[in-house]
Structures are given as structure tokens and as C-alpha cells.
Amino acid sequence: MSAETVESGASAAPRKGVSILFGLTLLGLLLFLWLLLGLATNSFWTPNNISNLLRQGAMTAILAVGQTFVIITAGIDLSVGAVVGFTSVIVAWLLAAGVPLWAAIILTLAFGVLIGAFHAFGIVRMGLPPFIITLATLTSLRGIGLLITNGSTISITNEAFTNFSRADFLGVPSLFWMVIVVAIPAYVFLHLSRFGRYLFAVGSNSEAARLSGVNVHRTIYLAYILSSTCAAFVGLLLASRIGIGNATQAEGWELQAIASSVIGGTSLFGAVGSVHGPLLGAFILATINNGANLLNVNSFWQRIITGALIIVIVYFDQLRRRSAR
Amino acid sequence: MTELQEARDTRTQGLQVATRHPVPKGEPILELRALQKKYGAVEALKPASLTFLSGEIHAIVGENGAGKSTLIKLLTGVIKRTSGEIFWCGKPVQLGTPHEAIERGINAVHQEVVLCAQLSVAANMFLGDEINRNGLMRKRAMTDAAQRVLDDLGFNLPAGAVLGSLTIGQQQLVATARAAMRGTQFLIFDEPTAYLTRQESAQLFRLIQRLQAEGVTIVYISHRMEEVFEIADRVSVLRDGTHVGTRKIGETNEAELIALMINRTIEQIYHKEHFPPGEVIVETRNLSGPGFQDVSLTVRAGEIVGLYGLIGAGRSEFALGLYGRHRPSAGEVYWKGRKVEIASERVAMNLGIALAPESRRDQGLCLNLPIGLNINLPVFNRLTRGLTINGQQERENADRQIRDLKIKTPSRRVLTSAMSGGNQQKIVIGKWLSHGAKLFIFDEPTVGVDVGTKAEIYRLFARLLENGAGIILISSYLPEVYELADRLHVFRRGRLVASHDYRAASHEEVLTQAIGV
């Protein structure tokens, strides 16, 4: 190849600064939405509604963080919604079978690990595209869940478990605390540890990463296991919130998670993403839904607005990237 | 009338109205006056004035980065000129878009085939210009027409085959046939023989001469001197973006052209220091693996072992085998006298092997990540304290390599894709200097690198040798391995076929062994 590559180093903006700026823009958008809704409605800034908003956004936020790990490796995890529904069945089933709560929680999370490992196995060993293997588990996990429950739901009678999602801690809903519990280690993992760097390197050029001594297979296992485990965790939270296990729950949540991640600046081509981005993305989406409800906007419109927002935000993100070149 | 002309005539009745200005043979068909191209402050092509005569084969030679690609892109309308004028058949033209260039009859055949690998040969030849009836494609008619053209050109290729199933060389022939069909007046070949076998090259040359006989003007870009002397009527030399001269082929010789191309003596570029050979670092015995067979060689501390051969001769495959990327199927590797199994890249790295691979874009760098991350990628395990990376060490290490290697960047945070070829190569080298190694494998380290950086890289080799390392240098550019290697091994079809001490054999001898006539 003798293409002359041209030095444009001086004009390329330092990457980290831009990423912080983009984060601030999203935060600005979120605060702007909150301000706007506060002015437009009387009920937005009530403790009840804010708690509700934080609860709504929490589960998508956790899914989106897990999803982001996978997308950074230039993959995709379509199964997360199904994993949520499936694991809600698992935990309800275990509790109904008399398994102690702590063991039920650990076993459910272990199912998340197994599902993620299966995805990575399909990608690494069988050479299946991530889209296909996770699409396959998306449908089959719901099927397995329905087989277990015979098409019905399993009620959860363990009150300690179901009370958790309604509880507050320091005035903040416990579900939102769970976001923090996930986000802090996720941040350390992605931005401060070498495994985070490896995720980016594999997403950018897996062959170059491999020749630099990065264990590419292990990195892919890590990403998919984290995503599925986050989803299993959300399955626990959902089961706690609705008090039942049902395999058809969380329909379409995978798309919510991907949308949150993308709104948060993650590139579907891989190697670009953060932890704070998808969190903000998830709460922006939650705010739009919440605000639309308060304003009595038809729920069909909510979907349209969400779609339009994805286009606008990602378009501006593209513009920013192009000008940074 | 030949099938080729027929096919071409049917094209001219269709979309492709190639404006045929009859320019008598030997008169100027394309004239460049003070043509210049700047990217920001960088002058990729300094004001160049060049005339192409109708019906000639005009070779353009120059090193990587001399401005050849820029010139082609300007002529084919891929990029717009910064200043200067272009005259086509005596009239000033814009050549602002690829479409305009094709309409005027200017086409290019690129080194890397840019066609659709999943479509058939015929579909590719008619791509964008299909034969239609009532809005439906006439697949049979296209296949038949394409087959007639291919047969007529003497290519033994099936028009119905999927393009991707052919060799790169055969695909190149298809690309040429495609260009030949489209009312081409002016055809540019960009290093077309880089991936061709000798037989395919010979076929291509016959086609070029035939096109010339039919009045097509040919621009032939290459850095293989022997080809230039075989085929061209005139030759122009580019150096560092400057047009330094045009010669009739009968009035020049290889030495003059090389002097024009590099403007310095070989000794000035190839900085060679001899060190007393030390202990044996690595020895392979009858090593075989995917793409290489039965390779036995040794590398000592303080010496450069050169691997020369054509592209695809198995040198890079051998390097990847030695580095643990592909598992060798037979033979042994001894590291400092001890037998070792190199089962993975990590094992190789931990022994002390570093590999700067053949393709920076595909194997060497994470282009859309910052420079700093690329430099530190092999050493993150060393920069980790507890759970997290020591940020200060990470920054210092990146900055040290940027400083030591004089990588021209405002910051370690700049994306690697923004760097020039030479600086990208330095980043690859920086990765391995920060990791440290006893055996450095450099696979085509100076492709797409300017002369100044080349000299820097060669001086760096001397520094590594001085510190007791050994180097395997893989290159397709004979003078490079010839002048630098203490021991030169020649590869052909996956085998090591000959070995020479420093400057023990002539260029011709080495080349003949590599080609295998």
C-alpha cells in the first residue's frame, strides 16, 4: 500500500477531553429535560415521581452498562431482555422450591455467567456472529422459561425479597443504589483496569490486540459474561419489583439497553464507549417516558419520540467525531 | 474487428459516452501544468508539469510516499487539485469527480482490486453499466459478452465464476479487462504486478502492449525497475512530491533512475554497523507450519538476519509461526539452546520475541484508539498495580517512546489513524521497545515510510543490536535486506532456498533464486 497518509495530528482533538465534553452535553440534556418538565407539570418534582423515575431508569441503566462492554468489543448482545425474563423465573422457581434467599440469588447470577459463557463459546469456538448467537438465545431462553412455568407465572412469597425494591435508603430508592453498586466497579473495570483497555483494543483491531499479547478469547468471554450477569442481576431486581417470575417479562428491553448505550456515545463499530454515557442515556429515556406520562402524551408517541431522539443524538455525535478528525 | 473493440463500441452507445477526441499518436493527450496538491500544510505533490503522449507507455517510478498515489488520485478525479491546470486533448478540464474522469476515458487499475468479490466475473465487468432490456438485467447476454472479451484477450478465465474464487492476480486481469471494455483512452496501472505470478505478469504485459497497439495511452506505476525497462517508452521520476525528471527509456539506465529516485547514495541511507556475533538466540530446525516448510535458521545476538522473497513466499508466515500466532506442524525451536514450544503470542513475548507485523493497518495497530494505548498495549500487565493501571507510569511510558522515537504528535491522546505511515511504523516499534525483547522480527518495516524515517529506523536497528538483541528483517525490497542483513536467506514458495553472507551474492543472483527461473 502506498497511499499517502496525511498528518493531521495537530487538528485532532485530544480524545479524553471530547469524551468528557460529550458526557457533559448529555448531562445538560438530562437536566434541561428535568427543568422543562418541572415547569410544564406540577407533579414532576415531587418526591414520589422522582423516586419512580429513578426506579424506572435503574434497570435499563444496569442492562445498558453490561451491553456497552459487549458493544465496545464490536459485538452485540440481543439476549439481555430474554435473560431478564428467564432469570426472574429462575429466582422465583428456586424460592418456591424452598432454596434460601442468598443461595437463590447466587444461583441466579450463576445462570447469568453461564449464559454469557455460552454466547462467548458460540462466538469464539463456533465462529458464530454475536448477532446470531444472542438472537438464538433471545428466543430459546424465553421458551425454556415458559417450559419451566408451563406458560404461567410463579408468585414470590418471600417478603424480604419483594420489599427490597420498594425500600429506600437515605431517601433514595434501593433500585437506584443498585445502579451505583454496578456502576462504580464497572467504571473501575472499564476505565482504570487493563481489562478495560483490552476490550477497546479487541473492538478496534482484534488481530493487532492478539499480536500484542492480549488474550482475545478471554476478553470476549469477559464481555459477554459481564453483560449476561448484569442482565441476571436486573432479572432479580425485576422479580423483586413485580413479585412474580415470568418468562415473557422485559420484552424489548434489549433494544432499550442498546439505545441507551448508543445515546450515551457508544459506537456500534466498537472501540468507543464509557460507563457514564449509557447511564445518562438510560435516564434520558426514562425521563422521556416519565414526562410523556405526566403530560398525558399518548404512549404511541413516546415510542416515536424515543426513535427520533436516537437519530438526533447519534447524528450529532457523528458530526462531532467527523470534526474531530 | 476484435471482440474487445466490439464490446467497447457497444459501451459507447450506452451510458458511457467516452468522448473520443482523436489525438494522433505521439501528440500530447494529457498535460499537467504546475499541478499541485496540499493537505493542510503538507505538500503531497509539489507543482508538477508532465506531458503524456498519445499511445505511449509512460512509467512513473518513485519510492513509497513520493507522490505517485496522489498523482493517480488527481488524474482519476478521486481528489481535487489545490492549484495548477490539466489539459485533456488540448482543452483545460476539471477532472473534479471520478465520473468525469471515466467519461473522458481515463481509468485506473489499482494494486488492490476494488471490485465486488461476491459477484460473478461478468457482473463485475459490467458493474454500473449493465445490459438491460425492459428494466431487467440480461445476465446471459452479459456473461456471453464478458466471456468473448476474456477469450479474445487470451485470459483463460470463466466469466460465470464468482470473482472472489479467483486469485488476486486473476482478479487483477478482470479489473484490466473491465477498464479495457469501457472506452478507455488513458489507462493507469498502479503497481499491478505486486501480487501477480510471473505467468500472470506476462499475460498482463501482453494485454498492455495490445491496448497500446489499439491507441490507448498507458501510465504504468511501479518500483520494479526491470518491468519499467521491459515495457515503457518513457519514464518519469517522482521524489518527495517533486517531479524530478522524465527520460526516454533508451536514454537512461537503472543507476540514473535510482539516483533520481533517492537522491543520495545507498551508504547514506543504509546505515550498517557490524557487531561481533554473540550467543545464538534462536534456532529453528526443519520448522514447518501453514505457508512454510522445513525452515532451519539461526539468529545470533548482534546480527540482522534478512529474509528475502516475493510476496507470498512464506516469510511472514514463518514469522507468525515463530511468534506463536500459527502453530507449527513440525520441527523444533530452540531458544538460547533450550527446546521450547511457542504455543501462543504471550509465550513468545515472555521468552523475549517481538513482532512488528507486515500490515500496520490489519495487524499492527488499533487505528481508532489513541497513540498512548497502542504503545502500552503489550505492557499493561506490567503497568497494573493491584486492580488498576498506574496512570502515571502509563503516561510516562507513552511519552517516553514518543520522545525517544521522535513521533510527530501533539499528544499521546491523538488517534493513531491521524498519523502518517512513518509515524505509525514508529508507534508499532515503540510498542515493542517499551516491552523489550531479545529477538525483534521486523516484517516490511519501511513500506509506506518516507526516506528520512527509513534512515531513522535503520539507525534504531543498530542501537538494538548494540544492546545485544538479534533482528529478523523481512523485506520485499532487495536493497534493504541486501545492505543491512549479516546473513540473507531467500524464500520461495514457503521454503528457504538459499542463504548468503553479507554482500556475498549479487542482486541478480538473489533475485533469480527468489523467482526461481
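Note on naming: letters A, B, ... go to the chains in the order of the sequence lines (proteins, then strands), and numbering restarts at 1 for each one.
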**Prompt:** Does atom CD1 of Ile180(A) have more than 12 heavy-atom neighbours from other groups under 6.0 Å away?
**Reply:** yes

**Request:** Carefully, step by step, assess Asn368(B) and Asn205(A) under the rule side chain to side chain contact (heavy atoms under 4.5 Å, CB included).
**Result:** CA-CA 9 Å; Asn368(B) 59 351; Asn205(A) 185 344; over 6 Å; no

**With Arg412(B) via salt bridge (charged side-chain N to carboxylate O under 4.0 Å, His left out) - residues at least two apart** = Asp399(B)

**Message:** Testing the basics here: between Ala208(A) and Gly364(B), what is the closest heavy-atom pair and its distance to 0.1 Å?
**Reply:** CB-C, 3.8 Å

**Request:** Measure the CG-OG1 distance between Leu192(A) and Thr384(B) for me, rounded to the nearest 0.5 Å.
**Result:** 11.0 Å

**Residue part contacting chain A, namely of Ile371(B), when any heavy atom lies under 4.5 Å** = neither

**Request:** Please say which of Asn376(B), Val379(B), Asn381(B) ends up in a side chain to side chain contact (heavy atoms under 4.5 Å, CB included) with Arg194(A).
**Result:** Asn381(B)

**Request:** State which residues pass salt bridge (charged side-chain N to carboxylate O under 4.0 Å, His left out) with Glu358(B); sequence neighbours excluded, sorted by chain then number.
**Result:** none

**Prompt:** Is it the backbone or the side chain of Leu355(B) that comes under 4.5 Å from a heavy atom of chain A, or both, or neither?
**Reply:** side chain

**Fill in**
Per side chain to side chain contact (heavy atoms under 4.5 Å, CB included), Arg210(A) is matched among Arg325(B), Arg346(B), Gln363(B) by Arg325(B)

**Asked** Looking at side-chain heavy atoms only, is the closest gap between Glu207(A) and Asp362(B) below 4.5 Å?
**Response** no

**Closest contact, heavy atoms only, Ser212(A) versus Lys431(B)** = OG-NZ, 2.7 Å

**Item:** Leu377(B)/Tyr198(A) under side chain to side chain contact (heavy atoms under 4.5 Å, CB included): CA gap, chis, key distance, verdict
**Value:** CA-CA 8 Å; Leu377(B) 196 52; Tyr198(A) 293 165; 4.1 Å; yes

**Prompt:** More than 12 foreign heavy atoms under 6.0 Å from CZ of Phe111(A): is that the case here?
**Reply:** no

**Message:** So which atom in Leu369(B) and which in Ser204(A) form the shortest heavy-atom distance, rounded to 0.1 Å?
**Reply:** CD1-CB, 3.6 Å

